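Because the structure is a prediction, the values reported are computed rather than measured. Quick note: residue numbers are just sequence positions, from 1.
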Amino acid sequence: MNSEQLISGLNRISILLRSQDWQKAERADLTATQGQILSQLHTRGPARVGAIAEALGVAQPTATTAVGALVRKGLVEKRADPADARASLLHLTRAGRRKAQAFEGVPEALLAAVDELDESERAAFLRSLTKMIRSLQRQRAIPVQRMCATCVHFRPNVHDDADAPHHCAFVDAAFGDAKLRLDCGDHEALPDERAVATWRRFVDAGSANETDAPSAATDEAS
Ligand code: SF4
């Protein structure tokens, strides 16, 4: 298998997503970064500018400039952070919330393409994405994602049902790889001492033929 071909395929899809971001931003008279900040605040709630920069993978001065423009446009406001009076949290204004809704959703063409995958293809794809995202997180290439594999409520491979071997303790329900979440609002990060065991149980029991590149020893150090 040629890794470059996989990355090339992912890049083709990212072009579509970036293009949609630009088009939506242009229609809303914003830059793509400003649109992403509105979307981030809408999805995840109030945040400090540093957290926004980290989530978007941009430098803090870039985020600060974009936030300044959003404040001047009346779409975002700064309020004192109840956790630290010296810091401020960014909140959407009512106009900001309306504008942020324009950034929801994914391209119809991409949804249609995903719909062409059958259940087992989606499950395998989502499982592979989960592994890639965790690796990227550990390399600090992307911020921590709110995904099942790193959640305190995740119980991997605890049921005999091959279609739904996992359990979410938050909603007390079984589910399969096709329902793995990559950005869940109910996510609570696993403490480090449980993270390795949970991950091993997820990858070892579910994929006899898969190799998990990082060793357990490396995991412990991460
Ligand atoms: S709370 Fe969300 S992230 Fe956590 S296990 Fe349940 S579905 Fe997955």
### Query
Distance-only, no hydrogens or angles: does the Gln137 side chain make a donor-acceptor pair with backbone N or O of Gln145 under 3.5 Å?
yes
### Task
Establish whether Phe202 and Ile133 are linked, either directly or via other cluster members, by ILVMFWY side-chain heavy-atom contacts under 4.5 Å.
yes
### Query
His153: what forms a ring pair (Phe, Tyr, Trp, His ring centres under 6.0 Å) with it, not counting sequence neighbours?
Phe170
### Query
Going only through I, L, V, M, F, W and Y residues with side-chain contacts under 4.5 Å, is there a path from Val76 to Val58?
yes
### Task
Taking the side chain as every heavy atom from C-beta outward, state whether Leu17 and Asp21 have any pair of such atoms under 4.5 Å apart.
no
### Task
Give the cluster check for Leu182 versus Ile142: same hydrophobic cluster or not, with ILVMFWY residues linked at side-chain heavy-atom distances below 4.5 Å.
yes
### Contact summary for Ala164 and Ala174, nearest pair of heavy atoms
O-CB, 3.8 Å
### Side-chain donor/acceptor of His166 to backbone N/O of Lys179, under 3.5 Å
no
### Task
List the atom of Gly74, the atom of Ala95, and the distance in Å for their closest heavy-atom pair.
O-CB, 4.1 Å
### Message
Give me the atom names and distance for the closest heavy-atom approach of Ala123 to Ala178.
### Response
CB-N, 3.6 Å
### Query
Trp22 versus Arg18: any side-chain heavy-atom pair under 4.5 Å?
yes
### Query
Any side-chain heavy atom of Gln20 within less than 4.5 Å of one from Leu110?
no
### Query
Can you tell me how far OG1 of Thr33 sits from CG of Leu70, rounded to the nearest 0.5 angstrom?
9.5 Å
### Message
Membership question, hydrophobic clusters at under 4.5 Å side-chain separation (ILVMFWY): are Phe175 and Leu117 in the same one?
### Response
yes
### Query
Can you tell me how far CD1 of Ile37 sits from CD of Gln34, rounded to the nearest 0.5 angstrom?
7.0 Å
### Message
Holding to salt bridge (Lys or Arg N to Asp or Glu O under 4.0 Å), I want the full list of residues that pass it with Arg12, two or more places apart in sequence or in another chain.
### Response
none
### Query
Which distance, rounded to the nearest 0.5 Å, do you find between the OG1 of Thr65 and the CD of Gln60?
10.5 Å
### Task
Using atom types as modelled and distance alone, determine if a side-chain donor or acceptor of Lys73 lies under 3.5 Å from a backbone N or O of Asp29.
yes
Return a table of donor-acceptor pairs under 3.5 angstrom between the side chains of residues 98-107 and protein atoms on other chains or two or more places apart.
from: Lys99; atom 1: NZ; to: Ala28; atom 2: O; distance (Å): 3.1
from: Glu104; atom 1: OE2; to: His42; atom 2: ND1; distance (Å): 2.9

### Task
Working to the nearest 0.5 Å, report the span between CH2 of Trp199 and CG of Asp204.
10.5 Å
### Message
Has Glu77 got a side-chain atom pairing as donor or acceptor with Leu75's backbone, closer than 3.5 angstrom?
### Response
no
### Message
As a quick check of understanding, evaluate side-chain contact (heavy atoms from CB on, under 4.5 Å) for Val152 and His187, giving each step before the final call.
### Response
CA-CA 7 Å; Val152 74; His187 175 274; over 6 Å; no
### Message
Closer than 3.5 angstrom, by distance alone: can the side chain of Thr198 be matched with the main-chain N or O of Ala195 as a donor-acceptor pair?
### Response
no
Show me the donor-acceptor pairs, under 3.5 Å and distance only, between side chains in residues 48-55 and residues at least two apart or in other chains.
from: Arg48; atom 1: NE; to: Asp81; atom 2: OD2; distance (Å): 2.9
from: Arg48; atom 1: NH2; to: Asp81; atom 2: OD2; distance (Å): 2.8

### Task
List in chain and number order the residues that pass salt bridge (Lys or Arg N to Asp or Glu O under 4.0 Å) with Arg181, two or more places apart in sequence or in another chain; answer none if no residue qualifies.
none
### Query
Is Ser135 reaching over with its side chain to a backbone N or O of Lys131, donor-acceptor style, under 3.5 angstrom?
no
### Asp84, CG: over 12 other non-hydrogen atoms inside 6.0 angstrom
yes
## Note on the structure
Tightest non-hydrogen contact, residues Ala162 and Pro165, listed as O-CD, 3.6 Å
### Message
Has Ser14 got a side-chain atom pairing as donor or acceptor with Asn11's backbone, closer than 3.5 angstrom?
### Response
yes
### Query
Does a side chain donor of either Ser8 or Glu4 reach within less than 3.5 Å of an acceptor in the other side chain?
no
### Transitive ILVMFWY side-chain link Leu180 to Val158, under 4.5 Å
no
### Query
Is the count of non-hydrogen atoms from other residues, nucleotides or ligands lying under 6.0 Å from Glu108 atom CD greater than 12?
no
### Query
So, Arg201 side chain and Pro156 main chain: donor-acceptor pair closer than 3.5 Å or not?
yes
### Whether Thr43 side chain and Ser39 backbone form a donor-acceptor pair below 3.5 Å
yes
### Message
Using the side-chain hydrogen bond (donor to acceptor under 3.5 Å, both in side chains) criterion, which residues pair with Arg44? Sequence neighbours excluded.
### Response
Asp183
### Query
Counting only heavy atoms not in Glu121, do more than 12 fall under 6.0 Å of its CD?
yes
### Task
For Asp115 and Arg122, run side-chain contact (heavy atoms from CB on, under 4.5 Å): C-alpha distance rounded to whole Å, both residues' side-chain angles, the deciding distance at 0.1 Å, then the answer.
CA-CA 9 Å; Asp115 282 346; Arg122 280 189 227 190; 4.0 Å; yes
### Query
Which distance, rounded to the nearest 0.5 Å, do you find between the CG of Asp177 and the CG of Leu129?
11.5 Å
### Shortest non-hydrogen separation from His91 to Leu89 and the atoms involved
CD2-O, 3.5 Å
### Task
Would you give the length of the straight line joining atom CG of Asp118 to atom CD of Glu116, rounded to the nearest 0.5 angstrom?
11.5 Å
